[in-house]
Amino acid sequence: TLVLQTDNTNSSTQIMRRALSSSNVAKAGLVGKIESQTMMPSSLNVVFFSSFLSSKSSSYSTRTANTVVLANTMRTTKKSDDDDGVAQKSSSSRLERLRETLAKEDSSVEDFVLGTSSLWSKAGEYSSPAPKNKRDKTTRKPAWLKRTVPGGTEDSKYSTIKSRLKELKLSTVCEEAKCPNLGECWGGGDGHTATATIMIMGDTCTRGCKFCAVKTSKTPPPLDKDEPENVAKAISEWGLDYVVLTSVDRDDLEDQGAGHFAKTIKNLKEKVKGGGEGGFVSNKDRDKRILVEALTPDFRGEDRLIDMVALSGLDVFAHNVETVPELQTHARDPRANWNQSIHVLQRAKKTAKEVGKVDLITKTSLMLGLGETRTQVYEALKLLREAGVDVVTFGQYMRPTNRHLKVEEYVTPKAFDMYGKMAEDLGFLYVASGPMVRSSYRAGEFFLRNELRKREEKKDEMTAE
């Protein structure tokens, strides 16, 4: 048992907890817990600490290691406690600024973000609990997250798309990422065009994000040189007027696949006819080229690679920030981060405007249910608007396997509606928000298609002048 002293009469327990969680203690392999705390007449807090060493630290002299490491930690944590008052004032100031900003919004949004309404304090209104661990069989998935397994007859649209993709050696993010909307998007219906998001550059990624089900490897197979042509063939047969291209990260390539991505887009824009008619573009219908959205990697933030894709003729440049800034390191590969992703979106829009003379629509997506707070989501949306992002989507994070990040909570459809309203009030051009929404979900919705067509017409008019 060691006796540790501090002249801070209010926080000896807090200091000890910090000491136990410090990197120095972790390096020494020490594990311990506070046994008791007693106030001494001299106003010194005495913490009686029972400690022992883990097996990895057996080379340390028990008493010497404990005394030196914890004493050093106590010195550094004391200053931290002295700064607590300053930190509290700063936190209070941030909260006041947030309240001032929210006061300009609809009162329902303010109540939702700050939790000031009794409506959102009721159990189950904002979210439903997720399983505590993989052995928890008592917590069920909410009804709103259940989907019918996709399938169909041999001549159904779903089966046709699936077989043709296999013939042309093409992958879709719909299958690789185990998207819950696969049957709905491939099959069409309800007035929506059948859609498949083509994943180019293979089905193996060089990154290892903790939420993603796509295969990973440091050395994926080489690129398929016929892929740009095969993508055009597949899309022309389906008769789509809006297509989404995405890709794995290819850090193993010199240009990280930017050239291949750009070539595929150019091929589609030059050859494939849109408007739901299908087939290849002829001289008489040049105005019916297909609309293309590209959901890109971050290209490690390299401007020349971002520019290559931004100037390829695409209509929507999408890149996902995935989650709020505070959870980036928790969820994403170490090579990805919030600032880098924001730079990608800003650079694409800037290059398209200044070099390509095009008002490029930029788009991103946020997963919910990873432990983010409502305030963090609101602040993230403000940052996205400040960066000029036009379109945002919200969806529920679903754990692909037991090896991936666990779901912290299942956000209710009602809460998703509020996030959608929040984004619209902040000025986003288009918002899709719902538990089953994914970044490419119904990407060619009527509103977005019409917006793109209007921009094309405006560009044609300016060119004619």
Side-chain angles (χ1 to χ4, degrees), residues 161-179 182 185-186 194-207 209 212-238 240 242-272 274 280 289-300 302 304-320 333 336 344 348 363 365 438-441 443-444:
I161 291 176
K162 188 175 179 66
S163 61
R164 191 60 175 141
L165 285 169
K166 190 174 181 180
E167 288 173 24
L168 295 172
K169 300 177 182 177
L170 296 176
S171 300
T172 67
V173 73
C174 320
E175 292 177 295
E176 298 299 326
K178 301 180 180 179
C179 180
L182 193 152
C185 291
W186 285 21
T195 305
T197 301
I198 302 294
M199 188 165 74
I200 61 176
M201 300 199 287
D203 62 357
T204 306
C205 187
T206 53
R207 303 275 177 97
C209 294
C212 185
V214 175
K215 292 184 291 187
T216 63
S217 172
K218 291 181 180 179
T219 55
L223 298 179
D224 178 3
K225 60 182 176 56
D226 297 323
E227 188 170 57
E229 188 65 32
N230 286 339
V231 169
K233 285 180 183 177
I235 299 303
S236 65
E237 290 176 8
W238 295 337
L240 308 178
Y242 193 105
V243 64
V244 182
L245 294 178
T246 188
S247 78
V248 292
D249 284 271
R250 290 301 299 259
D251 299 282
D252 59 311
L253 302 174
E254 188 276 327
D255 71 347
Q256 298 171 59
H260 189 87
F261 214 131
K263 184 179 179 181
T264 305
I265 294 169
K266 287 176 181 176
N267 207 41
L268 277 169
K269 296 296 284 187
E270 289 172 2
K271 296 182 178 181
V272 180
F280 289 99
R289 288 192 185 94
I290 194 165
L291 295 171
V292 178
E293 175 180 321
L295 176 56
T296 76
D298 60 24
F299 300 116
R300 295 202 292 263
E302 294 183 28
R304 68 180 183 90
L305 304 182
I306 301 168
D307 294 350
M308 202 181 296
V309 178
L311 297 172
S312 63
L314 78 172
D315 300 285
V316 177
F317 186 104
H319 172 69
N320 290 342
D333 184 276
V344 171
K363 174 181 175 182
S365 183
R438 295 297 177 264
S439 56
S440 303
Y441 178 69

Q | Heavy-atom closest contact (F261 atom, P297 atom, distance) | A | CE1-CD, 4.0 Å

Q.
Looking at every non-hydrogen atom in both residues, tell me the closest pair between G257 and F299 and how far apart they are.
A. C-CE2, 4.4 Å

Q) Between I306 and A348, which heavy-atom pair has the shortest distance, and what is it? A) CG2-N, 3.9 Å

Q: May I ask you to test the D224-N230 pair for a side-chain heavy-atom distance under 4.5 Å?
A: yes

**Q.** Donor-acceptor pair, side chain of S365 and main chain of N320, under 3.5 angstrom
**A.** no

Q) Rounded to the nearest 0.5 Å, how far apart are NZ of K215 and OG1 of T204? A) 4.5 Å

Q: Take R207 and D251 through the test side chain to side chain contact (heavy atoms under 4.5 Å, CB included) and record every step on the way to the result.
A: CA-CA 8 Å; R207 303 275 177 97; D251 299 282; 2.8 Å; yes

Q) Which distance, rounded to the nearest 0.5 Å, do you find between the CD1 of I265 and the OG1 of T296? A) 8.5 Å

Q. Does the side chain to side chain contact (heavy atoms under 4.5 Å, CB included) test come out yes or no for Q256 and E302, once each step is laid out?
A. CA-CA 10 Å; Q256 298 171 59; E302 294 183 28; 3.2 Å; yes

Q: Check whether any side-chain heavy atom of I235 lies under 4.5 Å from a side-chain heavy atom of I198, and answer yes or no.
A: yes

Q. For I200, does its backbone N or O pair with a side-chain atom of S247 as donor and acceptor, under 3.5 Å?
A. no

Q) Hey, does the side chain of K269 reach the backbone of I290 with a donor-acceptor pair shorter than 3.5 angstrom? A) yes

(Q) If we ignore hydrogens and angles and just use 3.5 Å, is the side chain of N267 paired with the main-chain N or O of P228 as donor and acceptor? (A) yes

**Q.** D315 side-chain N/O to V292 backbone N/O, donor-acceptor pair under 3.5 Å
**A.** yes

Q) Which atom names give the shortest non-hydrogen contact between H260 and D255, and what distance separates them? A) N-OD2, 4.5 Å

**Q.** Shortest non-hydrogen contact between A232 and V272, atoms and distance
**A.** O-CG2, 3.6 Å

Q: Determine yes or no for a side-chain-to-main-chain donor-acceptor pair under 3.5 angstrom, with T246 supplying the side chain and L295 the backbone.
A: yes

**Q.** Step-by-step side chain to side chain contact (heavy atoms under 4.5 Å, CB included) determination, D249 to D298
**A.** CA-CA 8 Å; D249 284 271; D298 60 24; 4.2 Å; yes

Q. Taking the side chain as C-beta and beyond, is there a heavy-atom pair between V248 and P220 under 4.5 Å?
A. no

Q.
Please check: side-chain N/O of E293 versus main-chain N/O of L245, any donor-acceptor pairing under 3.5 Å?
A. no

**Q.** Distance (rounded to the nearest 0.5 Å) between S236 OG and L268 CG
**A.** 9.0 Å

(Q) Using the rule given for salt bridge (charged side-chain N to carboxylate O under 4.0 Å, His left out), can you reason through E254 versus R304, listing the C-alpha separation, both sets of side-chain angles and the distance that settles it, and then say yes or no? (A) CA-CA 12 Å; E254 188 276 327; R304 68 180 183 90; 3.0 Å; yes

Q: Kindly say whether M201 contributes a backbone atom to a donor-acceptor pair with the side chain of R250 at under 3.5 angstrom?
A: yes

Q. At their closest point, which heavy atom of A258 faces which heavy atom of L305, and how far apart are they?
A. CB-O, 3.8 Å

**Q.** Evaluation steps, side chain to side chain contact (heavy atoms under 4.5 Å, CB included), between K218 and T206
**A.** CA-CA 5 Å; K218 291 181 180 179; T206 53; over 6 Å; no

Q.
Could you go through K271 and E229, starting from their C-alpha distance and side-chain angles, then the distance that decides it, and tell me whether this counts as salt bridge (charged side-chain N to carboxylate O under 4.0 Å, His left out)?
A. CA-CA 10 Å; K271 296 182 178 181; E229 188 65 32; 2.8 Å; yes

